[in-house]
Amino acid sequence: MPELPEVEVTRRSFADAIAGAKILAVRVGKPLRWPFGGDPDELVGQIVTTVRRRGKYLLLDTDQGLLLLHLGMSGSLRFATTLPPAGAHDHFELVTTLGILRLNDPRRFGAAVYVHGEQDPVAKKLLGHLGMEPLSDEFVFQTFCAGLKASRSSIKQVLLNGRLVVGVGNIYASEALFLAGILPTTTAASISTTRARQLYEAVQQVLNAAVQSGGSTLRNFSSADGSAGHFQQQTKVYGREAAPCHTCATLVCMVRQGQRSSYYCPCCQQP
DNA sequence: ATTCTCACCTGCGGGC
DNA sequence: TGCCCGCAGGTGAGAA
């Protein structure tokens, strides 16, 4: 479920509450996307200091190391002083002095990985190739535009793959391309500087709007305090195949790109 | 080097 | 009602 907005909303919903917590126990369920990377009990006694986000990863700094969490396609976190008994899809849990942090992930594409720091080889493998953070000052138009010019892939794929800009997943790629008036199948390198600028703005606009709306809740997503998002109610094209475009009433179309669905308005969006 | 396809896993909705 | 198929918010590995 989680693209940048959902991960960021999740982060904000428990970052302050967990700061300073001492880890009392670690519970591990079924295997996730990546091995944990050590003995989970190594975390016991460590203090959670801060919660950061890099792309779609959450980075929990402790006084001795770094815990990487990823929500995959179906993951969500809860942080509360008390929680119901762990269910079949609760695969990772930190019991702390300030509450229980629990990862629920039915499909298990998510991950919980412990490393000693961002220079750790495993951390570098997971984070090292990630592109610019679209909601930070490091998101520079000139770099973005140059990256588009250098790619022969479709613009939808470039937005999705995270090498140029991180955090844009299947929902927000379609939405940003609609806002920019660009067809998802357009070759990235063929996009003019003017339209690249529109896309650069659109990416930031749609991600900011989604964060403001608490993210999208398509199935069971909720932030760590249990609240759902509602951006899915304001998508312009995503999930709206055969429905009328809100701008021009033309029916929204769907196309498969790299086994993912892309939605677009054939009237409002051009190559 | 870059680009494309596949695999990982579970659940749900639609069609028969 | 039950079964089978396709699809779902991600992404690294390996092939081309």
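Residue numbers start from 1 in every chain, and the chains themselves are labelled A, B, ... in the order their sequence lines are given, proteins ahead of strands.
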Has A:R33 got a side-chain N or O lying under 4.0 Å from the OP1 or OP2 atom of B:dC9? no
Using only side-chain N and O atoms of A:H129, determine if any of them is under 4.0 Å from OP1 or OP2 of C:dT11. no
Should A:F109 be counted as stacked on B:dC8, where stacking needs a ring-centre gap under 5.5 Å and an angle between planes under 30 degrees? yes
Nearest-Å distance, CD (A:Q257) to C1' (B:dC4)? 13 Å
Distance check: side-chain N/O of A:S74 vs OP1/OP2 of C:dA8, anything under 4.0 Å? no
Look through every strand shown and name the nucleotide pairing with B:dC9 as Watson-Crick or G-U wobble, where both distances are under 3.5 Å. none
A:L71 side chain near A:E6 side chain, heavy-atom distance below 4.5 Å: no
Tell me whether the OP1 or OP2 atom of C:dT11 has a side-chain N or O from A:H70 closer than 4.0 Å. yes
Closest nucleotide among B:dC9, C:dG12, C:dA8 to the A:W34 side chain: C:dG12
d(OH, A:Y172; P, C:dG10) in whole Å: 10 Å
Nearest-nucleotide wise, let me know which of A:G258 and A:K30 is further upstream toward the 5' end of DNA chain B. A:G258
Indicate the ring-plane relationship of A:H70 and A:Y57, choosing parallel, tilted or perpendicular according to the 30° and 60° boundaries. perpendicular
Angle class for the A:Y172/A:F231 ring planes (parallel below 30°, perpendicular above 60°, tilted otherwise)? tilted
When the distance from CD of A:Q259 to C1' of C:dC5 is rounded to whole Å, what number comes out? 17 Å
How would you label the contact of A:R163 with the nucleic acid (heavy atoms, under 4.0 Å): base, sugar-phosphate, or nothing? nothing
On a whole-Å scale, what distance lies between the P atoms belonging to C:dG14 and B:dC9? 16 Å
Tell me whether the NZ or CZ atom of A:R197 lies within the 45° cone about the ring axis of A:F141 and under 6.0 Å from its centre. yes
Roughly how many Å apart are C:dG9 and B:dT3, using the C1' atom of each and rounding to a whole number? 23 Å
In whole angstrom, what separates A:D105's CG from B:dC8's C1'? 11 Å
State whether the distance check finds a donor on one side and an acceptor on the other, under 3.5 Å, for side chain A:R260 versus base C:dA8. no
Rounded to the nearest 0.5 angstrom, the CG-OG1 distance for A:L148 and A:T193 is 9.5 Å
Can you tell me the distance, in whole Å, between the CZ atom of A:R152 and the P atom of C:dA16? 19 Å
Kindly indicate whether the side chain of A:R107 and the base of B:dC9 share any N or O donor-acceptor pair separated by less than 3.5 Å? yes
note: A:L218, atom CG; B:dT10, atom C1'; distance rounded to Å ~ 16 Å
Taking the side chain of A:I171 as heavy atoms from C-beta outward, which of C:dA8, C:dG9, C:dG12 is closest to it? C:dG9
For atom P, what is the distance between C:dT11 and B:dA1, given to the nearest Å? 23 Å
Using 4.0 Å as the upper bound for N to carboxylate O, is an ion pair formed by A:R54 and A:E118? no
I need the CG-C1' distance between A:L32 and C:dG12, as an integer number of Å. 16 Å
Whole-Å gap separating P (C:dA8) and CD (A:E3): 13 Å
Residue-phosphate contact under 4.0 Å: A:Y57 side-chain N/O, C:dG12 OP1/OP2: yes
On the nucleotide C:dT11, are OP1 or OP2 found under 4.0 Å from the side-chain N or O atoms that A:K56 carries? yes
Just checking, any donor-acceptor pair under 3.5 angstrom between side chains of A:Q257 and A:S154? yes
Closest to the side chain of A:Y238, out of C:dG10, C:dA8, C:dG12, is C:dA8
So which nucleotide from C:dG9, C:dA8, B:dT10 ends up closest to the side chain of A:N170? C:dG9
Of all the nucleotides listed (C:dG12, B:dT10, C:dG10), which has the minimum atom distance to the side chain of A:L126? C:dG12
